[in-house]
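Take a look at the structure below.
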Amino acid sequence: MKLIVRHQTVYRYATCAGRVAMRLKLMPVDTPAQQVLDWQVSINDEPLAGFRPNSYGEMEAIWIRHDRLDHAVIVAEGLVETRESHGVVGHLNSKVDPRYFLRDTRLTRVSDAIAAMACGLPTSDGPLATLHALSAAVSDAVQYRAGVTTSDTCAADAFALGAGVCQDHAQIFIAAARSLGMPARYVSGYLLAGDEEALHETHGWAEAWLPDLGWIGFDPSNRVCVTERYLRVASGLDADEAAPIRGSVTVAGDIWIDADVRIAQAQDGVEERQLQRQQQQSTPPSDSTG
């Protein structure tokens with residue numbers, strides 16, 4: 001399957017920013033489940049060419065501006081061919097031992113309730129079956145409900161609440177898997193959803209490590225292992241580390257952020273036309289800050 005993506009994020013500053021620094025994880029890489037055919041990232045219509053591989057084998061860049069800035073428009077767009085791998089991402093080009101992903105963070109620290117759920121899972125059919133059971137258990141325990149958690153909500157609080165979004169499902173899965181001694185990490189990327197439930201934002205899911213298979217993607221929010229409809233971009237110990245954009249700004253006044261993701265299945269021979277159509281449908285930044 002070929003997926004064509006346009007991800008636009010607009011930052012507007014009430015007062016011109018004196019310094020802006022951003023860490024960008026917006027450049028997907030080839031894996032056994034995907035091949036990047038064409039991809040570019042730009043900021044304020046200027047191509048960003050400073051991407052370098054990090055220790056995870058993924059691409060990231062730092063963008064810094066010291067002059068006065070009233071807005072920043074970040075666009076990541078391109079074409080990626082994905083393959084059905086039944087969730088198995090495999091052994092990626094990483095310099096980090098998978099056991100590093102047994103570490104917890106504030107967002108993924110296991111609670112007694114999460115640990116109890118994990119300990120109650122069946123283990124007789126092997127670790128892969130346990131991971132599948134864990135994904136289902138998280139889905140059963142935490143109802144998908146938007147607006148009840150934030151990006152700062154930790155796994156323990158979301159589990160106690162019994163509701164949340166994809167970030168919460170993934171971080172609860174990660175906390176539980178680590179409590180069982182299985183390395184797990186957060187993944188950010190894109191999902192081609194059904195026609196009636198088109199997503200206009202990035203998506204998050206989890207990966208767990210098994211020595212014989214490598215990394216395996218689980219999406220408790222949709223009760224599936226990742227499929228060819230998923231496009232993997234970045235990973236980390238939690239959602240904060242795997243975030244596509246993180247940064248700091250020196251500015252007096254409010255900051256407005258508007259993000260939009262357009263993703264579609266491309267057809268051979270019409271990729272350029274589809275990309276142009278998506279570009280035309282995107283909303284240009286307004287000169288107004290109100």
Side-chain angles (χ1 to χ4, degrees), residues 31-33 56 83-92 94 96-144 149 153-189 191 203-230 232 234-239 241-242:
T31 74
Y56 297 165
R83 307 176 185 89
E84 180 56 70
S85 63
H86 305 288
V88 179
V89 183
H91 302 266
L92 303 181
S94 172
V96 177
D97 190 302
R99 290 173 294 181
Y100 172 78
F101 293 99
L102 288 169
R103 297 179 56 182
D104 66 5
T105 67
R106 186 191 66 81
L107 291 175
T108 59
R109 191 163 294 124
V110 69
S111 64
D112 290 342
I114 293 175
M117 175 192 67
C119 288
L121 296 172
T123 59
S124 58
D125 292 330
L128 181 58
T130 300
L131 289 170
H132 281 287
L134 172 58
S135 183
V138 173
S139 300
D140 291 340
V142 181
Q143 178 186 5
Y144 188 97
T149 58
T153 302
C154 67
D157 289 346
F159 190 78
L161 181 63
V165 293
C166 62
Q167 172 177 313
D168 305 301
H169 285 134
Q171 290 187 149
I172 293 168
F173 177 99
I174 290 166
R178 290 173 182 167
S179 74
L180 296 174
M182 299 182 187
R185 63 189 181 186
Y186 191 97
V187 178
S188 63
L191 168 62
H203 190 53
W205 59 94
E207 287 178 350
W209 168 269
L210 292 179
D212 54 341
L213 293 175
W215 291 105
I216 308 161
F218 293 87
D219 183 3
S221 291
N222 289 294
R223 294 179 176 268
V224 296
C225 278
V226 299
T227 69
E228 61 182 355
R229 302 175 76 89
Y230 289 72
R232 186 187 190 283
S235 65
L237 288 166
D238 54 26
E241 190 185 17

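- One finds a salt bridge joining Arg223 and Asp140 here, because a Lys/Arg side-chain nitrogen approaches an Asp/Glu carboxylate oxygen to under 4.0 Å.
- In terms of modelled atom types and a separation under 3.5 Å, the side chain of Arg178 and the main chain of Arg103 share a donor-acceptor contact.
- The closest side-chain heavy-atom distance from Asp104 to Val110 is not below 4.5 Å.
- Using a 4.5 Å heavy-atom threshold, the side chains of Val138 and Ser221 count as separate.
- Aromatic rings from Tyr186 and Phe173 are positioned such that their centres are separated by 6.0 Å or more.
- Nearest heavy atom pair, residue Pro183 against residue Pro98, reads CB-O, 3.2 Å.
- A donor-acceptor contact shorter than 3.5 Å is absent between the side chain of Ser135 and the backbone of Leu131.
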- For side-chain hydrogen bond (donor to acceptor under 3.5 Å, both in side chains), just list the numbers for His203 and Asp219, CA-CA rounded to whole Å, side-chain angles, deciding distance to a tenth of an Å, and then say yes or no. CA-CA 10 Å; His203 190 53; Asp219 183 3; 2.9 Å; yes
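- In this structure, Ser235 and Trp215 have side chains that are not in contact, with every pair of non-hydrogen atoms separated by 4.5 Å or more.
- Two rings, from Tyr230 and Trp205, have their centers less than 6.0 Å apart.
- Side chain of Glu84 to backbone of His86: a donor-acceptor contact under 3.5 angstrom is found.
- Smallest separation of non-hydrogen atoms from Cys225 and Gly87: CB-CA, 3.9 Å.
- Between Arg83 and Glu228, the closest side-chain pair of non-hydrogen atoms is not below 4.5 Å.
- Open room surrounds CG on Asp112; 12 or fewer heavy atoms of other groups in view lie less than 6.0 Å from it.
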- Could you go through the side-chain contact (heavy atoms from CB on, under 4.5 Å) check for Ile216 and Val89 one step at a time? CA-CA 5 Å; Ile216 308 161; Val89 183; over 6 Å; no
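- Here the side chain of Thr108 pairs a donor or acceptor atom with the backbone of Thr105 at under 3.5 angstrom.
- Counting only heavy atoms from C-beta outward, the side chains of Leu134 and Met117 approach each other to under 4.5 Å.
- Between Glu207 and Arg185, at least one side-chain nitrogen of the basic residue sits less than 4.0 Å from a carboxylate oxygen of the acidic one, meeting the salt-bridge criterion.
- Nearest heavy-atom pair across Ala141 and Phe159 is CB-CE1, 3.7 Å.
- Although no hydrogens or angles enter the test, the distance criterion places no donor-acceptor pair under 3.5 Å between the side chain of Asp157 and the main chain of Cys154.
- Two residues are said to be in side-chain contact when any heavy atoms from C-beta on lie closer than 4.5 Å; Leu107 and Thr153 fail this criterion.
- The CD1 atom of Ile114 lies 8.5 Å from the OG atom of Ser179; values are rounded to the nearest 0.5 Å.
- Distance check, rounded to the nearest 0.5 Å: CD1 of Ile174 to CZ of Phe101 gives 9.5 Å.
- At distances below 3.5 Å, at least one donor-acceptor pair connects side-chain atoms of Asp238 with backbone N or O atoms of Glu241.
- When every heavy atom of His91 is checked against every heavy atom of Leu213, the shortest pair comes out as NE2-C, 3.9 Å.
- Looking only at distances, no side-chain donor or acceptor of Arg109 sits under 3.5 Å from a matching main-chain atom of Ala156.
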- Residue pair Leu161, Thr149: steps toward the side-chain contact (heavy atoms from CB on, under 4.5 Å) verdict: CA-CA 9 Å; Leu161 181 63; Thr149 58; 4.0 Å; yes
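- Taking each heavy atom of Gly164 and Val142 in turn, the nearest pair found is N-CG1, 3.8 Å.
- Put simply, the side chain of Gln171 gets close to the backbone of Ala239: a donor and an acceptor are under 3.5 Å apart.
- For Tyr100 and Trp209, the ring centers are positioned 6.0 Å apart or more.
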